[in-house]
Amino acid sequence: MNMIEPTQFIKAVLRGKLSLAESMRRHTSWRAGGVADRLYQPADLDDMRVYLCSLPLNEPVVAVGLGSNLLVRDGGLRGTVLLLHGGLNELSVQADGMIYVQAGVPGAKLARYAALHGRRGAEFCAGIPGTLGGMLAMNAGCYGSEIWQHVAKVQVVTRSGELKVRTREEYEIGYRSVSRIEDRGSRIEHPSPASGGGVGGEGNSSIQNPESSEFFVGAWLSFEQGDGEIARRQIKELLSKRISSQPLNLPNAGSVFRNPPGDHAARLIEQCSLKGRYVGGAQVSEKHANFIVNTGGATAADIENLICSVREIVAAQTGVVLHTEVKIIGETGIMDKKNSDPRTPTLNPESSILDPGSFGKVAVLFGGRSAEREVSLKSGAAVLASLLRSGVDAHAFDPATRNLQELVIEGFDRVFIALHGRGGEDGTVQGALELLGMPYTGSGVMASALGMDKWRSKLVWQAGGLPIPAFQIIDEHSVSADVVGQLGLPLFVKPANEGSSVGISKVKAENELQAAYQSAARHDKLVIAESFIGGGEYTVAILGEQALPVIKIEPANEFYDYEAKYLRDDTRYLCPSGLNAEQEIEMQRLAKTAFALIGGQCWGRVDFLMSEDGRPYVLEANTSPGMTDHSLVPMAARQAGISFDGLVLRVLGMAHVG
């Protein structure tokens with residue numbers, strides 16, 4: 001009888017998912033980088049150990065969690081990447097009161113779990129955008145706390161698959177560094193599951209001594225007993241602080257540099273006037289100087305060149321040498337061919353070099369089944385034509401007639417969403433693409449859902465202290481006199497979950513309210529009545545971290561309805577808007593805040609009404625704006641010096657998962 005080789009047997013019992021030639025752009029928060037030879041996502045800890053046993057000992061292995069502290073060079077990674085997030089996700093309270101956490105658990109999930117079980121002290125973990133494995137490997141921390149302050153013991157797996165438990169005393173713990181002390185007195189840096197492994201210092205790209213390498217796979221953490229409700233409130237405060245102070249709407253890897261003793265890297269970078277500095281598609285964030293963001297199509301070479309540039313300039317001007325907090329691994333690749341000079345800032349975003357070939361095969365999703373199908377067909381046609389002009393391998397894809405699973409079957413690499421209305425910009429298609437692991441443009445599931453829902457977005461903005469028009473939910477039983485008494489006349493009635501002014505009516509008399517309600521209710525069971533504010537209509541487009549020039553809208557109709565938006569040629573769009581500099585800046589600030597509060601990413605639009613005394617009110621957000629010849633985002637981009645083709649490429653370059 002035929003005997004099965006041991007390695008064949010091992011592979012036959014594996015339960016995880018193996019991918020070959022896997023792009024690491026999908027698995028790093030910078031959305032940049034090359035291809036890994038192999039990527040394995042273990043089903044659980046036992047499966048990971050079996051997989052390690054199946055590999056030759058000289059096979060390079062890198063562990064990755066969320067990839068939130070990692071830059072993979074454009075030449076990619078030889079060997080195997082272990083993707084721990086999703087497999088090593090166990091959380092449990094032990095009999096001795098400690099919390100056992102596996103390496104793939106995100107920091108925010110750990111913080112919430114600890115609070116739920118009456119523990120205090122884990123709240124800071126919510127501010128760390130990685131998994132426990134990476135937190136352990138670099139002694140991650142924020143807001144005055146570090147993870148190793150709470151470690152009693154850790155669980156590690158050796159390169160050969162052996163499971164071990166080690167105490168805290170076996171490690172030397174420093175600021176953003178962890179090393180194991182061996183009997184002979186030498187130290188071994190741990191591969192980082194959240195940041196990408198490697199042993200040694202910055203830029204090390206492989207495990208040099210695979211026999212002795214170990215991966216953190218779990219830990220027993222000690223937190224004080226306390227009021228879980230207070231802990232939950234503190235978590236919300238920390239998350240709000242992150243949203244307000246960090247550029248979370250663009251791909252980034254968190255803080256790039258460690259803080260030097262007694263100082264802050266962000267302060268030094270800002271002191272050297274480096275905010276906004278570009279190399280290719282990479283930019284030093286305008287919001288937080290210690291963040292480098294991918295503004296669209298950035299290569300790993302762009303990001304690494306910008307990191308080097310910042311280090312050199314800060315060292316030359318201040319005498320302080322900054323050390324990276326992120327891990328840089330992999331091989332230099334052919335995408336470094338641009339030879340961009342890191343000393344030359346690119347102030348015009350469109351002049352960033354976006355390589356059309358780097359996007360792979362692109363699907364333009366347009367059409368759909370919503371009430372805005374016709375508008376979507378126009379937007380999608382314009383986007384598709386633009387991408388083809390730019391040399392992108394782009395293809396039309398109408399989800400009304402095709403199954404989204406075909407995106408995977410046909411080998412698409414990313415999606416440009418040009419869908420409008422229900423099913424396209426309400427989080428539905430975004431959720432499906434998340435499950436497929438397919439990078440897509442625009443905001444994620446939650447922000448898309450909130451942006452589509454005019455009622456819930458108003459509640460978020462109201463809670464955030466933003467000025468919004470007075471409103472109330474009405475139904476067939478609402479008393480017209482009461483509604484008018486609260487909101488005044490005229491007022492607007494609109495469905496809560498439609499865009500492009502579908503189903504909206506202007507009510508000028510009390511006896512018109514019920515008819516307006518019936519018109520809106522044909523489109524949505526949730527209907528809003530809203531006060532009229534008559535000082536003018538404005539809109540602000542968001543592109544990455546940038547608020548584009550304000551546009552004033554002067555419709556020939558009574559208000560900016562569907563006809564004025566898409567059919568008439570006598571609607572006037574003023575850009576510059578006619579606002580003074582102070583008013584323009586304030587409206588742009590409100591737009592960025594409103595977009596951030598709903599979790600908006602990459603690009604979008606926020607609409608405003610202006611009162612007659614010059615006060616702006618946030619009206620609604622659009623997370624999948626139109627791209628027709630009447631559309632407002634392309635108009636604002638032109639005013640900022642960005643062509644339509646340049647705008648489309650920048651939006652496509654910000655495609656993401658998660």
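No side-chain donor-acceptor contact under 3.5 Å links Glu331 to the backbone of Arg73. At distances below 3.5 Å, at least one donor-acceptor pair connects side-chain atoms of Trp148 with backbone N or O atoms of Leu136. Under a 3.5 Å cut-off, the side chain of Asp74 and the backbone N or O of Ala300 do form a donor-acceptor pair. Looking only at distances, a side-chain donor or acceptor of Thr441 sits under 3.5 Å from a matching main-chain atom of Ile417. A donor-acceptor contact shorter than 3.5 Å is absent between the side chain of Trp30 and the backbone of Ala298. With hydrogens and angles ignored, the 3.5 Å screen pairs no side-chain donor or acceptor of Asp645 with any backbone N or O of Ser643. Judged purely by atom type and a 3.5 angstrom limit, Asp37 uses its side chain to pair as donor or acceptor with the backbone of Gly79. Between the side chain of Asn305 and the backbone N or O of Asp302, no donor-acceptor pair lies under 3.5 Å.
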Query raised in the report: What's the verdict on side-chain contact (heavy atoms from CB on, under 4.5 Å) for Arg25 and Arg414, showing C-alpha distance, side-chain angles and the deciding distance?
Result: CA-CA 11 Å; Arg25 284 183 296 178; Arg414 64 177 65 195; 3.2 Å; yes
Query raised in the report: Given the rule in the side-chain contact (heavy atoms from CB on, under 4.5 Å) test, do Val64 and Thr28 qualify, once you have shown the distances and angles that lead to the verdict?
Result: CA-CA 9 Å; Val64 173; Thr28 60; 5.7 Å; no
**Report entry** Ser29 vs Leu66, side-chain contact (heavy atoms from CB on, under 4.5 Å): CA-CA, chis, key distance, verdict
**Finding:** CA-CA 7 Å; Ser29 59; Leu66 292 175; over 6 Å; no
**Report entry** From CA spacing to verdict: ring pair (Phe, Tyr, Trp, His ring centres under 6.0 Å), His656, Tyr440
**Finding:** CA-CA 5 Å; His656 63 95; Tyr440 59 91; 4.7 Å; yes
Report task. Check the pair Asn259, Tyr175 against side-chain contact (heavy atoms from CB on, under 4.5 Å), reporting the backbone distance first and the verdict last. Result -> CA-CA 9 Å; Asn259 287 326; Tyr175 173 67; 3.6 Å; yes
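Under the 4.5 Å side-chain criterion, counting only non-hydrogen atoms from C-beta, Val648 is not in contact with Ser390. By the 4.5 Å heavy-atom criterion applied to side chains, Val362 and Leu387 are counted as neighbours. With a 4.5 Å cut-off on side-chain heavy atoms, Ile307 and Phe257 count as touching. Taking 4.5 Å as the limit, every side-chain heavy atom of Leu548 sits out of range of all side-chain heavy atoms of Arg605. Put simply, the side chain of Leu70 reaches to within 4.5 Å of the side chain of Ile329, judged on heavy atoms. Under the 4.5 Å side-chain criterion, counting only non-hydrogen atoms from C-beta, Lys241 is not in contact with Gln246. Side-chain contact between Tyr171 and Arg180 is present, with heavy atoms from C-beta onward closer than 4.5 Å. Proximity of Leu543 to Val651: side-chain heavy atoms (C-beta onward) are separated by under 4.5 Å at one or more points.
Taking all atoms of both residues into account, the shortest heavy-atom contact from Asn294 to Arg31 is ND2-O, 3.5 Å. For the pair Ser255 and Val326, the tightest heavy-atom approach, listed with the atom from each and the gap, is O-CG1, 3.8 Å. Taking both residues in full, the closest heavy atoms of Gly218 and Leu132 are given as C-CD2, 4.5 Å, listed atom of the first, atom of the second, then distance. Residues Leu77 and Met24 come closest through the heavy atom pair CD1-CG, 4.4 Å. Of all heavy-atom pairs spanning Ser285 and Val293, the tightest one is CB-CG1, 4.2 Å. Shown here for Val105 and Leu110, the closest heavy-atom pair between the two residues is CG1-N, 4.1 Å.
A salt bridge is defined here as a Lys NZ or Arg NE, NH1 or NH2 lying under 4.0 Å from an Asp or Glu carboxylate O, and Arg120 with Glu224 fails to meet this definition. Salt-bridge check for Arg589 with Glu586: passed, with a basic side-chain N closer than 4.0 Å to an acidic carboxylate O. Using a 4.0 Å cut-off between a side-chain N of Lys or Arg and a carboxylate O of Asp or Glu, Lys592 and Glu545 do not qualify as a salt bridge.
Remark: of the listed residues Leu466, Leu590, Leu450, Leu466 is the sole one forming a side-chain contact (heavy atoms from CB on, under 4.5 Å) with Trp461.
Atom-to-atom distance recorded for Asn249:CG and Met654:CE is 8.5 Å, nearest 0.5 angstrom. Taken from CG in Leu579 to CD1 in Ile551, the straight-line distance is 12.0 Å, to the nearest 0.5 Å. In this structure, the separation between CG on Leu238 and CZ on Phe124 is 10.5 Å, given to the nearest 0.5 Å.
Side-chain N/O atoms of Gln430 and Ser443 include no donor and acceptor closer than 3.5 Å.
Partners of Tyr538 by ring-ring contact (aromatic ring centres under 6.0 Å, His included), not counting sequence neighbours: none found.
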